[in-house]
Amino acid sequence: MPLRYLTAGESHGPALTAILEGMPAGLPLDESLIAVDLARRQTGAGSGDRMAIEKDYAQLLAGVMEGVTTGAPITLQIVNKDHANWKGKAVPAYTTPRPGHADLVSAVKYGYDDVRPSLERASARETAVRVAVGAVCRAFLGTFGIRVGGYVSSLGDVSARLDGLPFSDRISRARGSEAQCPDPDAAAQMAKAIEKAKAAGETLGGVIEVVATGVPVGLGSHVNWDRRLDARIGMAILSMNAIKGVEIGDAFANTRRPGTQAHDAILPGENGDITRRGNACGGVEGGISNGQPLWVRAAMKPIPTTRKGQDTIDLATGQPSLTYYERSDVCPVPRAVIVLEAIFCHVLADALVEKLGGDSIKEMRQRFDLLRRATLEDLRMTGQPHVFWP
């Protein structure tokens with residue numbers, strides 16, 4: 001069974017809800033574990049005023065008994081504290097769609113006479129409950145020694161210097177930065193860039209990198225397009241609000257290299273295993289994980305909710321107008337790191353469930369141990385010719 005989830009709820013509605021189906025039985029899980037990731041989503045440079053209102057906390061309403069998953073669907077709910085400020089109040093019609101947002105296209109698609117239903121559901125507020133789902137998946141991956149972390153590598157026109165810095169150090173250093181950037185000098189420049197954009201009524205985008213370590217060989221498959229791990233990662237990352245580009249490994253840099261330098265040489269290790277020279281492919285070959293760290297970059301555009309008005313049309317009059325501003329982040333890039341980690345965790349957890357099978361953590365661990373013990377000797381080939389199609 002795939003590990004799948006569905007979310008429901010609006011930005012200023014009563015609550016956000018998710019149902020996660022397919023999580024095996026026997027995983028220790030409590031609300032405090034999820035709260036750690038939710039707290040990360042509410043901090044960071046460039047955050048908007050709403051973060052001072054919401055204190056996100058996910059309730060586990062189903063699928064967990066006595067602190068352990070049962071194998072049944074898990075229900076998570078986050079109450080919107082700001083709902084009390086909107087409930088029962090007359091809200092002016094929102095008729096000036098923002099360029100780059102779902103406002104106009106959803107009004108056309110669903111026949112709205114007010115774009116507010118669109119912005120309520122299309123809002124990145126929905127990512128709060130996706131982070132809660134990701135926290136559950138992170139706990140599942142952790143039982144198999146798989147770790148996921150992320151950081152900001154660029155913001156606006158400021159880029160971090162990360163050459164030679166191991167992934168583990170990048171991730172740990174980013175945690176101590178309001179900009180979620182491992183490079184202190186770049187982080188300071190990013191903070192200044194955010195303040196400059198705020199003063200100008202602008203927003204800023206950037207690049208986020210997410211890495212998974214401890215991933216075994218064999219997640220995903222080459223046999224059909226929708227089973228390829230890189231395709232599944234790409235689809236999931238692009239489902240995040242404002243993400244417009246995905247790169248796995250050194251994908252774009254590889255376009256400027258000759259073939260012999262764009263791939264990771266396969267070498268025998270000291271303990272009968274297989275090693276690699278480099279990780280230009282980002283841990284995926286032929287749609288299958290190869291045991292190297294899975295490494296993804298995501299490009300996040302500046303969000304369309306700007307204090308400075310943008311040219312649009314007032315759908316109530318048909319006349320040119322400027323966009324109307326409601327509170328928003330100046331730069332959501334630092335806060336989006338945990339969201340992309342959560343999305344990445346779900347993709348990897350789903351692929352691991354698919355690979356291992358089983359209904360409980362106990363039986364999955366046994367299969368995982370066998371997967372980990374595979375060596376070069378296990379792959380020894382006869383070297384004999386074969387006639388595949390006689």
Side-chain angles (χ1 to χ4, degrees), residues 11 16 34-58 78 80-82 123-135 138 148-160 162 167 169-211 237 240-243 296-307 326-345:
S11 180
L16 299 166
I34 301 170
V36 173
D37 281 4
L38 286 174
R40 283 182 57 201
R41 183 187 167 277
Q42 295 197 272
T43 59
S47 298
D49 296 337
R50 186 165 185 182
M51 291 305 98
I53 299 173
E54 302 293 351
K55 300 297 179 186
D56 291 339
Y57 189 85
I78 298 174
N80 284 329
K81 293 186 180 297
D82 199 27
S123 168
R125 174 68 186 148
E126 184 261 357
T127 63
V129 78
R130 295 183 76 178
V131 168
V133 169
R138 187 193 299 274
V148 175
Y151 50 89
V152 175
S153 59
S154 71
L155 192 152
D157 60 2
V158 180
S159 296
L162 302 175
F167 287 131
D169 290 346
R170 296 183 191 188
I171 294 166
S172 61
R173 292 186 185 186
R175 293 295 173 272
S177 163
E178 280 288 297
Q180 291 291 292
C181 177
D183 178 352
D185 293 337
Q189 294 178 53
M190 289 174 183
K192 291 179 181 178
I194 290 171
E195 289 304 312
K196 182 178 179 181
K198 182 177 181 179
E202 288 285 2
T203 57
L204 287 177
V207 175
I208 299 165
E209 301 190 16
V210 185
V211 181
I237 296 294
M240 162 68 183
N241 310 61
I243 299 298
V296 178
R297 294 187 184 94
M300 188 175 203
K301 70 175 183 178
I303 58 176
T305 307
T306 58
R307 288 183 182 273
E326 286 189 353
R327 67 185 176 204
S328 182
D329 293 348
V330 174
C331 179
V333 177
R335 290 178 54 220
V337 172
I338 182 61
V339 180
L340 289 179
E341 287 181 20
I343 290 170
F344 204 39
C345 282

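Worth saying up front: this structure is predicted, and the values here are computed from it rather than measured.
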Stepwise side chain to side chain contact (heavy atoms under 4.5 Å, CB included) test for Leu204 and Val333:
CA-CA 8 Å; Leu204 287 177; Val333 177; over 6 Å; no
Does the pair Arg41 and Thr127 meet the rule for a side chain to side chain donor-acceptor pair (under 3.5 Å), with working shown?
CA-CA 9 Å; Arg41 183 187 167 277; Thr127 63; 3.1 Å; yes
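- Judged purely by atom type and a 3.5 angstrom limit, Arg297 has no side-chain atom pairing as donor or acceptor with the backbone of Val207.
- Interatomic distance, Arg335 CZ to Thr43 OG1, rounded to the nearest 0.5 Å: 8.5 Å.
- What you find for Pro334 and Gly44 is that their closest heavy atoms are CB-CA, 4.4 Å.
- At a threshold of 4.5 Å between non-hydrogen side-chain atoms, the residues Phe344 and Val211 do not count as touching.
- The side-chain hydrogen bond (donor to acceptor under 3.5 Å, both in side chains) search around Glu195 returns none, not counting sequence neighbours.
- Ala298 approaches Leu340 most closely through the heavy-atom pair CB-CD1, 3.7 Å.
- Across every non-hydrogen atom of Arg170 and Leu162, the tightest pair is NH2-O, 3.2 Å.
- Using a distance-only test at 3.5 Å, with no hydrogens or angles considered, no donor-acceptor pair links the side chain of Ser177 to the main chain of Ala174.
- We find the CD-CG distance between Gln42 and Leu38 to be 7.0 Å, quoted to the nearest 0.5 Å.
- Nearest heavy-atom pair across Val152 and Ala179 is CG2-O, 3.3 Å.
- The distance from the CZ atom of Arg130 to the CG atom of Asp37 is 14.5 Å, given to the nearest 0.5 Å.
- Using a 4.5 Å heavy-atom threshold, the side chains of Pro302 and Glu202 count as separate.
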Pair Val337, Glu341 - check side chain to side chain contact (heavy atoms under 4.5 Å, CB included), show working.
CA-CA 6 Å; Val337 172; Glu341 287 181 20; 3.5 Å; yes
Evaluate Arg125 against Ile78 for side chain to side chain contact (heavy atoms under 4.5 Å, CB included), listing each step before the verdict.
CA-CA 11 Å; Arg125 174 68 186 148; Ile78 298 174; 4.0 Å; yes
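- Under a cut-off of 6.0 angstrom, the local environment of NZ in Lys301 is crowded, with over 12 non-hydrogen atoms contributed by other residues, nucleotides or ligands.
- Between the CD1 atom in Ile171 and the CD atom in Gln180 there is a gap of 11.0 Å [rounded to 0.5 Å].
- Between Asn80 and Ser11 the shortest heavy-atom distance is ND2-O, 3.4 Å.
- Between Ala58 and Ala132, the closest heavy-atom pair is CB-CB, 4.0 Å.
- Atom CD in Glu209 sits 10.0 Å away from atom SG in Cys181 (nearest 0.5 Å).
- Between Arg40 and Asp56 no salt bridge is recorded (no basic side-chain N to carboxylate O distance below 4.0 Å).
- With sequence neighbours left out, Glu326 forms a side-chain hydrogen bond (donor to acceptor under 3.5 Å, both in side chains) with Arg116.
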Verify side chain to side chain contact (heavy atoms under 4.5 Å, CB included) between Asn241 and Ile303, making sure each step is shown before the conclusion.
CA-CA 9 Å; Asn241 310 61; Ile303 58 176; over 6 Å; no
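- Interatomic distance, Ile343 CD1 to Ile338 CD1, rounded to the nearest 0.5 Å: 10.5 Å.
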